[in-house]
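Fair warning: this is a prediction, and the values are worked out from it, not measured in the lab. In what follows, chains are A, B, ... by sequence order, proteins preceding strands, each numbered from 1. Computed over heavy atoms, backbone and side chain alike; hydrogens, waters and symmetry mates excluded.
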Number of protein chains: 2
Amino acid sequence: MSSNRPTISDIARAAGVSPSTVSRALNNHPTIPETTREQIRLLARQMNYRVDTRARNFRLQRSQTVATLFPFQGASRRQISDPFYLEMLGAITDELDKRGYDSLIARVPAESTDWCERYILDKRVDGILMIDRALDDAGIRALNALDARFVIWCGPVEGAACATVACDSRVTGRDAVLHLAAQGRHKIGFIGGFQRMVETDLRRQGYLQGMHEAGLPVNSDLMLFTDFSAEAAAHAVPLLLKREPKLDAIFACSDFMAIACMQVLQGMGRAVPGDISVMGHDDIALASQTSPRLTTIRQPIQQGGRLMVQSLFEQFEGAPPRQIVLPHELIVRESA
Amino acid sequence: MSSNRPTISDIARAAGVSPSTVSRALNNHPTIPETTREQIRLLARQMNYRVDTRARNFRLQRSQTVATLFPFQGASRRQISDPFYLEMLGAITDELDKRGYDSLIARVPAESTDWCERYILDKRVDGILMIDRALDDAGIRALNALDARFVIWCGPVEGAACATVACDSRVTGRDAVLHLAAQGRHKIGFIGGFQRMVETDLRRQGYLQGMHEAGLPVNSDLMLFTDFSAEAAAHAVPLLLKREPKLDAIFACSDFMAIACMQVLQGMGRAVPGDISVMGHDDIALASQTSPRLTTIRQPIQQGGRLMVQSLFEQFEGAPPRQIVLPHELIVRESA
DNA sequence: GAATCCTATGCAATCGATTGCGTAAGTATA
DNA sequence: TATACTTACGCAATCGATTGCATAGGATTC
């Protein structure tokens with residue numbers, strides 16, 4: 001039974017002292033002499049005592065927990081299965097664990113904001129890490145009004161008081177297109193996520209800017225927005241080809257989608273990069289193992305995860321929110 | 001400031017009643033007349049009141065939280081990036097959320113058991129979901145001794161009092177090999193995860209059994225154990241071919257690894273399945289988009305995640321732990 | 001030996017919500 | 001009118017750990 005778990009009073013009784021003394025001994029308070037401390041610690045170990053985190057956190061008015069939130073698009077409650085997220089999540093939880101914090105995760109609807117109340121006002125967590133900014137300026141102001149600590153995985157947000165970490169998606173999108181254009185590609189397709197996800201939209205803006213800089217005409221037939229999944233990307237390819245038969249390059253907003261695109265193209269008998277170049281985004285582990293190997297834009301995923309945690313803790317200590325732009329890198333392999 | 005958040009006493013004062021009444025009204029206690037309840041609810045909403053989950057959970061001696069633990073091999077603290085896990089995690093968190101529970105996640109070392117104390121004894125969580133059984137019989141007994149509620153993602157464990165959910169990996173491994181053998185393949189390689197991960201070892205046993213049933217000779221040169229990553233699988237392929245040049249099939253323990261294998265083989269100029277068949281395991285979303293499309297064993301991932309949660313809640317309600325074997329399905333596509 | 005100062009420890013309040021028990025009204029019954 | 005019964009609500013304890021303040025008793029100083 002878990003009901004017979006010893007409390008601090010049980011230890012106190014067994015040691016013949018008061019609960020205060022036990023608490024202080026266990027927390028290495030200097031007013032308790034070392035010998036007493038050692039005795040109490042020993043006894044606690046023997047009796048298999050462990051602090052009740054719930055009681056402690058309640059008393060200390062903290063949660064010692066950080067939530068990592070994954071926004072999803074309302075209509076499609078589809079599973080996020082992009083390895084990118086898992087890799088980042090791993091980095092985040094490890095970093096939080098290192099600081100003794102627990103990691104809460106949840107998928108939240110991108111269009112509502114009531115989850116912030118749920119996590120902050122309910123005092124379930126001390127801070128929030130949000131993967132991809134599915135939050136408009138009003139949403140950010142609302143979070144700030146709650147005096148919430150949070151960090152968003154997204155490019156810099158002008159004039160907003162919020163901490164961000166990510167590469168500048170406008171620039172990565174532009175660089176991708178310029179690379180394709182430099183290879184002599186003209187009909188460059190774009191496959192992105194839904195527009196409510198800000199990052200994907202910034203990449204679209206970068207794409208437009210890149211096309212402009214390269215002196216290439218743009219029309220909306222070249223752009224397609226789907227959810228962030230391999231299947232969706234696979235379905236998008238024939239559609240894009242039907243709209244624009246002379247398509248000679250595709251820039252996909254994630255490696256996962258890009259890999260699916262390559263496979264579908266090959267299945268249709270189109271050579272990559274011979275007939276069509278394909279570029280991805282993120283540089284996940286699998287990207288270097290495909291055939292042809294995927295040309296992509298690398299985001300330092302794990303470093304990004306760690307920085308988000310760091311940035312959050314800076315705020316815990318009273319520092320103002322920082323906007324961190326990560327360096328990205330064009331990884332030229334074989335697919336483009 | 002978050003310090004001016006109203007507590008239940010503030011609401012009580014404003015309403016001119018006692019905290020008890022507010023609590024009961026908010027919890028729809030029948031002894032409070034409907035009109036009073038409505039007034040108090042209204043007032044609470046106006047004052048922006050929300051229960052402090054920490055205080056409530058502490059008082060109620062529960063955590064309203066479930067931990068999902070991902071064991072990792074000691075040496076390689078590598079990131080888990082297999083999409084399989086993320087898809088399952090999504091299903092789990094959604095199902096927990098539906099029941100009003102929070103989702104805690106952590107990566108834990110497979111070889112130690114002190115994390116169970118950390119989560120159960122510290123009363124951080126009400127139950128544990130463990131992805132892949134990195135836990136021997138003693139570990140299971142230890143958890144039971146703590147009166148912990150937990151569910152393990154693994155095949156049935158004989159004679160152990162623990163809840164499990166998964167396909168029977170011995171059978172899936174066997175079925176995979178028999179399919180390859182039925183196609184006339186004789187030199188069938190096996191690429192698995194480290195052996196401490198029980199599931200991968202069971203698949204190895206299934207592989208051996210399948211080879212035996214098919215009357216094929218086995219030698220250890222055909223088997224390779226790596227971590228569960230695309231890179232590792234990619235490195236494994238040339239090694240396997242060097243050991244056994246006549247290799248005509250590979251069974252990889254995950255689709256992610258299988259896809260990497262296919263890509264590497266194609267990069268080496270070997271036709272799949274012409275020269276070498278490749279089989280995966282899991283049927284992740286990407287599997288149907290590759291070229292050639294991947295033949296694999298489907299595990300019902302999302303159903304599995306939901307069932308783990310269900311099984312855990314049955315235990316919360318006093319039911320004994322159940323061992324659930326999920327149906328698997330051979331998905332024959334093009335790669336084998 | 002008295003005054004002073006430490007040192008080690010205990011007392012009791014506190015964090016916010018919940019709930020068993022008690023009771024003052026109000027209502028129904030005899 | 002007295003008694004019994006309801007209804008609606010408050011009192012106070014409780015969950016387990018932490019911590020400001022108080023203090024007993026020993027050590028130190030003059």
Side-chain angles (χ1 to χ4, degrees), chain A residues 1-41 43-44 47-65 100 120-126, chain B residues 1-41 43-44 47-65 100 120-126:
Chain A
M1 298 292 274
S2 56
S3 54
N4 56 15
R5 287 234 355 256
T7 71
I8 206 166
S9 310
D10 296 325
I11 309 298
R13 209 168 310 125
V17 296
S18 76
S20 340
T21 304
V22 176
S23 173
R24 281 190 264 251
L26 260 24
N27 288 304
N28 275 314
H29 213 275
T31 66
I32 309 290
E34 182 54 37
T35 49
T36 315
R37 260 188 271 176
E38 191 44 56
Q39 280 171 22
I40 292 179
R41 242 175 301 177
L43 191 62
M47 294 178 66
N48 227 334
Y49 170 80
R50 309 209 98 220
V51 287
D52 182 324
T53 11
R54 274 183 324 221
R56 166 186 275 168
N57 285 339
F58 170 52
R59 168 67 231 240
L60 264 25
Q61 290 291 293
R62 68 181 184 197
S63 301
Q64 201 78 334
T65 302
I120 295 293
L121 288 182
D122 284 2
K123 300 208 173 157
R124 299 150 110 89
V125 301
D126 299 325
Chain B
M1 298 289 274
S2 54
S3 54
N4 55 16
R5 287 239 347 264
T7 71
I8 206 167
S9 310
D10 296 325
I11 308 298
R13 210 168 308 123
V17 296
S18 76
S20 340
T21 304
V22 176
S23 172
R24 282 190 263 251
L26 262 23
N27 288 304
N28 276 314
H29 212 276
T31 67
I32 308 291
E34 182 54 37
T35 50
T36 316
R37 261 188 271 176
E38 192 43 57
Q39 280 172 21
I40 292 179
R41 243 174 301 176
L43 191 62
M47 295 177 66
N48 227 335
Y49 170 79
R50 308 210 99 219
V51 288
D52 182 325
T53 10
R54 276 183 322 226
R56 165 186 276 167
N57 285 339
F58 170 51
R59 169 64 232 244
L60 264 25
Q61 291 291 292
R62 68 180 185 197
S63 302
Q64 201 79 330
T65 302
I120 295 293
L121 288 183
D122 284 2
K123 299 207 174 160
R124 298 148 111 91
V125 300
D126 299 324

Student: Using a heavy-atom cut-off of 4.0 Å to chain A, what are the terminal contacting nucleotides of DNA chain C, in 5' to 3' order?
Tutor: C:dA8 to C:dG16
Student: Mapping B:Q61 and B:P33 to their closest nucleotides on DNA chain D, which lands nearer the 5' end?
Tutor: B:P33
Student: Backbone N or O of B:R50 within a donor-acceptor pair of the B:R5 side chain at under 3.5 Å?
Tutor: yes
Student: So, does A:R37 use its side chain to make a donor-acceptor pair with the main chain of A:I32 at under 3.5 Å?
Tutor: yes
Student: Within the 4.0 Å heavy-atom criterion, would you say B:V22 contacts the bases, only the backbone, or no part of the nucleic acid?
Tutor: nothing
Student: Rounded to whole Å, please give me the gap between CD in B:E34 and P in D:dC9.
Tutor: 12 Å
Student: A:R54 side chain to B:R62 main-chain N or O, any donor-acceptor pair under 3.5 Å?
Tutor: yes
Student: Base, sugar-phosphate alone, or nothing: which one does A:R54 contact when heavy atoms must sit under 4.0 Å apart?
Tutor: nothing
Student: Does any non-hydrogen side-chain atom of A:D126 lie less than 4.5 Å from one of A:T65?
Tutor: no
Student: Students often get this wrong, so: under 4.0 angstrom with heavy atoms, is A:S20 touching a base, only sugar-phosphate, or nothing?
Tutor: base
Student: Can you confirm whether A:Y49 sits close enough to A:I8 that some side-chain heavy atom of one is under 4.5 Å from a side-chain heavy atom of the other?
Tutor: yes
Student: What I want to check is whether an N or O donor and acceptor connect the side chain of B:T31 with the base of D:dC9 at under 3.5 Å.
Tutor: no
Student: Once you round it to whole Å, what is the distance between P of D:dG10 and CZ of B:R13?
Tutor: 13 Å
Student: Is B:V22 close to B:R13 at the side-chain level, that is, under 4.5 Å between some pair of heavy atoms?
Tutor: no
Student: Between B:L60 and B:R24, which has a closest nucleotide on DNA chain D that is more 5'?
Tutor: B:R24
Student: With nearest nucleotide decided by heavy atoms, which residue, B:S23 or A:G16, maps closer to the 5′ end of DNA chain C?
Tutor: A:G16
